[in-house]
Participant: 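Encoded as structure tokens, here's the structure I'll be asking about.
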Amino acid sequence: MVNTEIKLKGLTLKNPVMTASGTFGYGEEYADFVNLAELGGIVVKGTTLHHREGNPYPRMAETPMGMLNCVGLQNKGVDYFIETIYPRIKDFDTNVIVNVSGSNIDDYVAAATKIDALENIPAIELNVSCPNVKQGGMAFGVTCSGIEQVVRAVRDAYHKHLIVKLSPNVTNIADIAMAAESAGADSVSLINTLLGMAIDAETRRPVLSMVTGGLSGACVKPVALRMVWQVAKAVKIPVIGLGGISSATDAIEFLLAGASAIEIGTANFIDPAISAKVARGIVEYCERQGVKDVNELVGGLRL
Amino acid sequence: MVNTEIKLKGLTLKNPVMTASGTFGYGEEYADFVNLAELGGIVVKGTTLHHREGNPYPRMAETPMGMLNCVGLQNKGVDYFIETIYPRIKDFDTNVIVNVSGSNIDDYVAAATKIDALENIPAIELNVSCPNVKQGGMAFGVTCSGIEQVVRAVRDAYHKHLIVKLSPNVTNIADIAMAAESAGADSVSLINTLLGMAIDAETRRPVLSMVTGGLSGACVKPVALRMVWQVAKAVKIPVIGLGGISSATDAIEFLLAGASAIEIGTANFIDPAISAKVARGIVEYCERQGVKDVNELVGGLRL
Amino acid sequence: MKKISDFKIIEKQTWLRAALLRLQCEERLPEIRGGQFVQVRIDGGQHTYLRRPISIHDVDFQNNTIDLLIQQKHEGTKILCSLPVGAMVNLVFPLGNGFTMPEQNDEILLVGGGIGIAPLLYFAKTIKSNCGNKVSFLLGGRSADDLMLLERFREVGDVFLTTNDGSLGEQGFVTQHSLWNTKKINKIYACGPMPMMKAVTKVAKDKDIWCEVSLENQMACGIGACLCCVENTTEGNLCVCKEGPVFNINRLLW
Amino acid sequence: MKKISDFKIIEKQTWLRAALLRLQCEERLPEIRGGQFVQVRIDGGQHTYLRRPISIHDVDFQNNTIDLLIQQKHEGTKILCSLPVGAMVNLVFPLGNGFTMPEQNDEILLVGGGIGIAPLLYFAKTIKSNCGNKVSFLLGGRSADDLMLLERFREVGDVFLTTNDGSLGEQGFVTQHSLWNTKKINKIYACGPMPMMKAVTKVAKDKDIWCEVSLENQMACGIGACLCCVENTTEGNLCVCKEGPVFNINRLLW
């Protein structure tokens, strides 16, 4: 019998597998495919203080083993979430974590404060790295001072587990992670999407309405794994790894690199049942390798 | 009849297609597959002042639509190049460009000075972005001050076309490009490889001898295209685009994004004849689209 | 109830630019409404990382088969059309809302353009079995070889045709067909290329006829999670994969 | 002269963990030496971006065919082994240096372990046709089903066998076979897993026998451009794809 429980500060995951914000809706969209109780948690889609329509269509471009998106944080705002969506999802038998975005510090704080009051939301994931909206947070997420400001402000207002989601579009992600840690983050999750671009050679136009978008999918896994490894060496708080994870083997690699938990994102689009399969696959790996406790794998890379 | 000639300062390419350093040997390795006269140029492999054995095996990991490498600038040094290799390749009917690397400014300058004396080498590509060796240039390539130092020093010693190859592992590549421009670069080429990592879940060990390595191949194209677009908007000197280009369509996309020429790298490993096919494919595209001069495509993205 | 299932290609018919695949599943099929679609996993392509949405052309609940009528457009659909009988494909299905079932006394016109004819057959069959209405098809293509499987459509209703080159039916676009002046119509269901659907929408609005159209915005997830395939509507950006693909024209900003 | 050519699979034979593919090309084949390899393009895999190096098992210049004996290891070789007769595969070939042709009077032992037996057949045939030497094969596997196509080898020379489980030939490793004590040998050519080749190297050095081994370092380009497959030798790091795959053991740091 393998122990898969992961204890983070104020947040206990029954296993290390979560789903990434913006790729799993509010969980309900996947209920036909996945028993949500098999997951360590779900991070529901990016929520902002006010309603946002997001960016115009087209918002997506397929790339080799990946995709670009410029959705732009479309959501109905935190009050709508609290009144309409929260009641439907609050009793899921898994951790429901809300991804919080904003265009200025006050909005981040206001949204986080409202979610702090929701009994069944044990954590938020602070999105300081959305590449698709001006002041979509990426402005904050690419400098140490920027991330310190927003994290410290939210930390003062939010009293549960605070995950800070980091942008990979930086020279030294370990510095950014340490800044988040010093500002009071309980954990960091990485990577958000890599900024990319697609062009239609025949029409000579950008494929995306916003010209650039965020790259995700299997293609980014090597970069994500490297950054998780660099960050895990640099900070004492737990690291949540994501970026192209498409199988239990991928997930194990992130744990070995130092991630205490992982998130599955774009792979949900290719196989809507993948998240639960990964959770089961991790157990099979542990049984095959004689690992009694998944925590043994965390940072277990042999150099 | 389509004009494909691209004129850069002191460097005329019969067409925009070159091959990337480290992926095309010295051209001789591909002579059975490609008529080198069909190419705008070939950038031969990274050359340093002194002989380098490179990193231990294993040096390569396959990734989704890409590969990681940590070769580490294995080469016999610039004197060996001048005495043994240059005589064999100096009369190729294409531009032979030497990629120059170093671990300190003096070495860069010394190697560049020796190559400056070679009549049939019209340009060097300064590699300030190799991720695989300590002081492999990436130290220089990720800060404006670092790149200014090395480019200015080499600029003073080197009198032909000076290409500076940029690292994508930075927060703002446009700033780095402008620094290279202000220090005297005649053009910039990008992107070098993205720093990545691979782990063998079964053995729990890194796949690469150096743990991390440079990611290349089709998977990086969206990031490369975005960076070329950002840099082309920021600098006045020509931009040479590379990163995952595997077809004429890919090449056209880079030209539209603002590249005056392109380099084909990892795709040479999948199809050793791809470089000449891309050169022919660009002409076919121009004929189909009624483009009389390839230069019309450069920066021709319609927004 | 949405499912992920493996299907085997048990029959195949091909044309110049299209193929009909009959896919059989070992499990019983869930309820499927006309106008719904499947997301097909395509292996073997370097640019087929995501699934491809394909409308459901016909269903046989006795034999657990789904027919897909596929037009070869890009790498994904080309690979799909090249698969041999016996090959396995994985589907996520049924997706989307489908067309609204009409009333018993409605005078129904089903308008299809190009590969947009595909979903109309199964929807017409469900109309017949649910309310017994007689339906008419108005099918348009660039030329005769775009108009496939007409015998299947004729089994279910009257078929009127247009082609741009006049090689079959009346020459011109579907909106130029003479039936618009002669036929009594109070419900239109349309699927096809955007210009054709916009033209049909204009006709419907001019004649004040109730009309639903099926959109084909590019999708990633197909189940309303990624918000990539949005159409800007009177209610703001809505996911075509989940709130659609079928929309009443009154909800669209066309 | 290296070439890139499309080949059609015209014959196929499969075993538990391996397959023999006979590939036919429309063009005339270039000169091919024993121990050289091909780089096979594999479509359809999400982790088969690069070509796969496969040693050349046999060649028929009359019919322009190359035989590849392939062991199913990972995704790439599994896809390759699953290809049907009639499928096309693209090869870059012939690559590498191949084994050194022996002298007329040499007493030759060809040692193969597992799938490492593959290149020995064609090399033995070229020895026979070039200098007419009688060759002996010493082939080892985990069990009998690793030792395929023995009749092909017996047509060319004497065949001695070992298996770890004793299911065929003498039980144990190739280096434990009794022939080492009885047989006169002055040239060894070996191909197989690293531990086996290192064991053979040790025997050769102990007995002071000339020996060449064929290495299988992981490759990207296959033609000496990327410098990924290097082996550290007495001359420093050398590309196995270009300076090898065959090395005299005196050049290796084993």
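Just so you know, these numbers come straight off a predicted model, no measurement behind them. As a basis for the values below, the full set of heavy atoms in this structure was taken, side chains included, without hydrogen atoms, waters or symmetry mates. In what follows, chains carry the letters A, B, and so on, assigned in the order in which the sequence lines appear, proteins first and then strands, with residues in each chain numbered from 1.
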Participant: Identify which part of B/Ala31 has an atom lying under 4.5 Å from any heavy atom of chain D, answering side chain, backbone, both or neither.
Facilitator: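 For B/Ala31, neither part sits under 4.5 Å from chain D.
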Participant: Sort B/Phe24 into side chain, backbone, both or neither according to what part of it lies under 4.5 angstrom from a heavy atom of chain D.
Facilitator: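 Contact with chain D involves the backbone of B/Phe24 alone.
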Participant: Of all the heavy-atom pairs spanning B/Pro272 and D/Ile4, show the shortest one and how long it is.
Facilitator: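 Nearest heavy atoms, B/Pro272 then D/Ile4: CD-CD1, 3.7 Å.
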Participant: Quick one: CD on B/Gln74 to CG on D/Leu238, what's the gap to the nearest 0.5 Å?
Facilitator: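 Rounded to the nearest 0.5 Å, the CD-CG separation comes to 8.0 Å.
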Participant: To the closest 0.5 Å, what do you measure between CD (D/Glu231) and OH (B/Tyr57)?
Facilitator: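 The OH atom of B/Tyr57 is 8.5 Å from CD of D/Glu231, to the nearest 0.5 Å.
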Participant: Looking at every non-hydrogen atom in both residues, tell me the closest pair between B/Thr23 and D/Ala225 and how far apart they are.
Facilitator: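 Looks like O-CB, 3.9 Å.
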Participant: Determine whether more than 12 heavy atoms belonging to other residues, nucleotides or ligands lie under 6.0 Å from atom CZ of D/Phe173.
Facilitator: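 For D/Phe173, atom CZ is not crowded (no more than 12 foreign heavy atoms under 6.0 Å).
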Participant: Pick from B/Ala273, B/Gly22, B/Gly217, B/Gly66: which one has the most heavy-atom pairs with chain D under 4.5 Å?
Facilitator: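 Looking at each of B/Ala273, B/Gly22, B/Gly217, B/Gly66 in turn, B/Gly66 comes out on top.
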Participant: Verify the neighbour count for atom CD of D/Glu26: are there more than 12 heavy atoms of other residues, nucleotides or ligands below 6.0 Å?
Facilitator: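 No, the 6.0 Å shell around CD holds no more than 12 heavy atoms from other groups.
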Participant: So which of D/Ile223, D/Asn232, D/Leu227 has the biggest tally of heavy-atom pairs under 4.5 Å with chain B?
Facilitator: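 Heavy-atom pair counts peak at D/Leu227.
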Participant: Among D/Gly224, D/Gly222, D/Cys221, D/Cys228, which residue forms the greatest number of heavy-atom pairs with chain B at distances under 4.5 Å?
Facilitator: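 Greatest number of close heavy-atom pairs with chain B: D/Cys228.
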Participant: Top residue by heavy-atom pair count (under 4.5 Å) with chain D, among B/Ala61, B/Ala218, B/Pro56, B/Gly54?
Facilitator: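 So the answer, after comparing B/Ala61, B/Ala218, B/Pro56, B/Gly54, is B/Ala218.
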Participant: Has B/Asp32 got a side-chain atom pairing as donor or acceptor with D/Met1's backbone, closer than 3.5 angstrom?
Facilitator: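 No: the side chain of B/Asp32 does not pair with the backbone of D/Met1.
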Participant: With chain B as the partner, which of D/Thr48, D/Val92, D/Asn217 has the greatest number of non-hydrogen pairs under 4.5 Å?
Facilitator: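 Going by pairs under 4.5 Å, I would pick D/Asn217.
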Participant: Quick one: do B/Phe33 and D/Lys2 satisfy side chain to side chain contact (heavy atoms under 4.5 Å, CB included)? Show the steps, please.
Facilitator: CA-CA 7 Å; B/Phe33 306 110; D/Lys2 305 188 200 74; 3.4 Å; yes
Participant: Minimum heavy-atom separation for D/Tyr49 to B/Thr266, with atom names?
Facilitator: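 For D/Tyr49 and B/Thr266, the tightest heavy-atom pair comes out as CE2-CG2, 3.8 Å.
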Participant: Against chain B, work out which of D/Met219, D/Gln39, D/Arg52, D/Lys242 has the most heavy-atom pairs shorter than 4.5 Å and name it.
Facilitator: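 Top count of heavy-atom pairs under 4.5 Å with chain B: D/Arg52.
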Participant: When rounded to the nearest 0.5 angstrom, what distance separates CD1 in B/Ile270 from CG in D/Leu50?
Facilitator: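 Interatomic distance, B/Ile270 CD1 to D/Leu50 CG, rounded to 0.5 Å: 5.0 Å.
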Participant: At a heavy-atom separation under 4.5 Å, does D/Asn90 approach chain B through its side chain, its backbone, both, or neither?
Facilitator: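 It is neither, since no heavy atom gets under 4.5 Å.
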Participant: Any idea which of D/His47, D/Arg41, D/Lys3, D/Gln218 has the most non-hydrogen atom pairs under 4.5 angstrom with chain B?
Facilitator: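 When all of D/His47, D/Arg41, D/Lys3, D/Gln218 are compared, D/Gln218 has the most.
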